[in-house]
There are 2 protein chains.
Amino acid sequence: MSAVETVIGTTSSWDLYERGCPSRDLLDRIGDKWSILVLGELGEHGRSRFTELRNRLSGVSEKMLTQTLRALESDGLVLRTVHARVPVRVDYELTALGQTLRAPLRALTEWSLQHTDEVLAARAAYAARVEQGA
Amino acid sequence: MSAVETVIGTTSSWDLYERGCPSRDLLDRIGDKWSILVLGELGEHGRSRFTELRNRLSGVSEKMLTQTLRALESDGLVLRTVHARVPVRVDYELTALGQTLRAPLRALTEWSLQHTDEVLAARAAYAARVEQGA
DNA sequence: GTAAGTAGCCACCTTTTGGTAAGTTGACCA
DNA sequence: TGGTCAACTTACCAAAAGGTGGCTACTTAC
């Protein structure tokens, strides 16, 4: 059987540890740098326009932003609404599915913010150890 | 001021939405495909050897596995122990810091497993829509 | 004496990713 | 007449990621 118990009481037909597993690909996608930030922004600010996102995500290029938004839309996480007035106006917001990702993602971003100092310290210590050892 | 409230009651000196933010880099690192899987494996199985990990992470190359483990070690998330017997034996396990990542990461992998079907359906629908629209 | 096993490293090469910059659409404004 | 705005799209190019295969050291087992 290919079903795997990841946590007691939870079964799924997918196995993250198998190559080509769609869940693994999905994980890779939502773990993507810009995806995380876009989803975070839309989660916090709600419906936003393209330029708003571009301005709030420091360092993102238009190309990357478009690409990320398209992927998220295709995955059913983000809803894209085009207003046919001039100039064109486009809104992005989380779908219901996208909303379910907020908690897990926030847990991760929170962890990252809270432990950055420790990690930076660990890196410094590691670099020092390597310098010594070598 | 550069401090930012991410969640009520939580402050940090970092801002994920600023380019060059170390937390953003860190997030990118732990959101990495192989990092997630290695941390997951070590979280579930506990202390493991190099070849055990290689065998359990279907599709990983030795190069990638080494690279990922080194990065996690340098970040203070994984402890690497070399036993100087012959043939060499090396163990990897989560550090205390690494343990604190288990919950957030599990939340994300769980989400991924549970919603893969919905996302696949959304992708199919999106592809159909594009085909129609174009 | 030689093959096997562990835990890698290194050089080479291909694929993918991502940045920059320019073009597009279509109404409206000076 | 031509410049502007929003939200892209496209082409081109550089950088980075990642795969492959060969090499290492050391000892035990055949």
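Everything numeric here is computed off the predicted structure, so don't read it as measured data.
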Using a cut-off of strictly less than 4.0 Å, decide whether B:Tyr92 has a side-chain nitrogen or oxygen near OP1 or OP2 of C:dG8.
yes
Quick one: list whatever passes salt bridge (charged side-chain N to carboxylate O under 4.0 Å, His left out) with B:Asp117, sequence neighbours left out.
none
Those residues of residues 63-74 of chain B lying under 4.0 Å from DNA chain C by at least one heavy atom:
B:Thr66, B:Arg70
Residues forming a side-chain hydrogen bond (donor to acceptor under 3.5 Å, both in side chains) with B:Asp32, sequence neighbours excluded
B:Ser35
If the sugar-phosphate is the primed atoms plus P, OP1 and OP2 and the base is the rest, what is the B/S/- string for nucleotides 22-30 of chain C, using protein heavy atoms under 4.0 Å?
----BS---
When the rotation axes relating C1' atoms of four end pairs to the next four are compared across the helix from C:dG1-D:dC30 to C:dA30-D:dT1, five pairs an end, they differ to 10° by 30°
Using heavy-atom distances to pick each residue's nearest nucleotide on DNA chain D, tell me which of B:Gly59 and A:Glu52 is more 5'.
A:Glu52
Which pairs with one or both residues in residues 63-111 of chain A pass ring pair (Phe, Tyr, Trp, His ring centres under 6.0 Å), sequence neighbours excluded?
A:Trp111-A:His115
Which residues pass the side-chain contact (heavy atoms from CB on, under 4.5 Å) test with B:Asp75, sequence neighbours left out?
A:Val119, A:Arg123, B:Leu26, B:Arg29, B:Leu77
All salt bridge (charged side-chain N to carboxylate O under 4.0 Å, His left out) counterparts of A:Glu41, not counting sequence neighbours
A:Arg56
May I have all residue pairs that pass ring pair (Phe, Tyr, Trp, His ring centres under 6.0 Å) and include part of residues 33-62 of chain B, sequence neighbours excluded?
none
Tell me every residue that passes salt bridge (charged side-chain N to carboxylate O under 4.0 Å, His left out) with B:Glu62, counting only those two or more places apart in sequence or in another chain.
B:Arg54
Round to a whole Å and report the spacing from CZ of B:Arg29 to P of D:dA17.
10 Å
Could you work out, with side-chain hydrogen bond (donor to acceptor under 3.5 Å, both in side chains) as the rule, every residue matching A:Gln67, not counting sequence neighbours?
none
Listed by chain and number, what are the side-chain hydrogen bond (donor to acceptor under 3.5 Å, both in side chains) partners of B:Arg102, not counting sequence neighbours?
none
Assign A:Arg54 to base, sugar-phosphate, or nothing according to its heavy-atom contacts below 4.0 angstrom with the strands shown.
nothing
When all nucleic acid strands are considered with a 4.0 Å heavy-atom cut-off, which category describes B:Arg49: base, sugar-phosphate, or nothing?
sugar-phosphate
Side-chain heavy atoms under 4.5 angstrom apart, residues restricted to Ile, Leu, Val, Met, Phe, Trp, Tyr: same cluster for A:Leu120 and B:Leu97?
yes
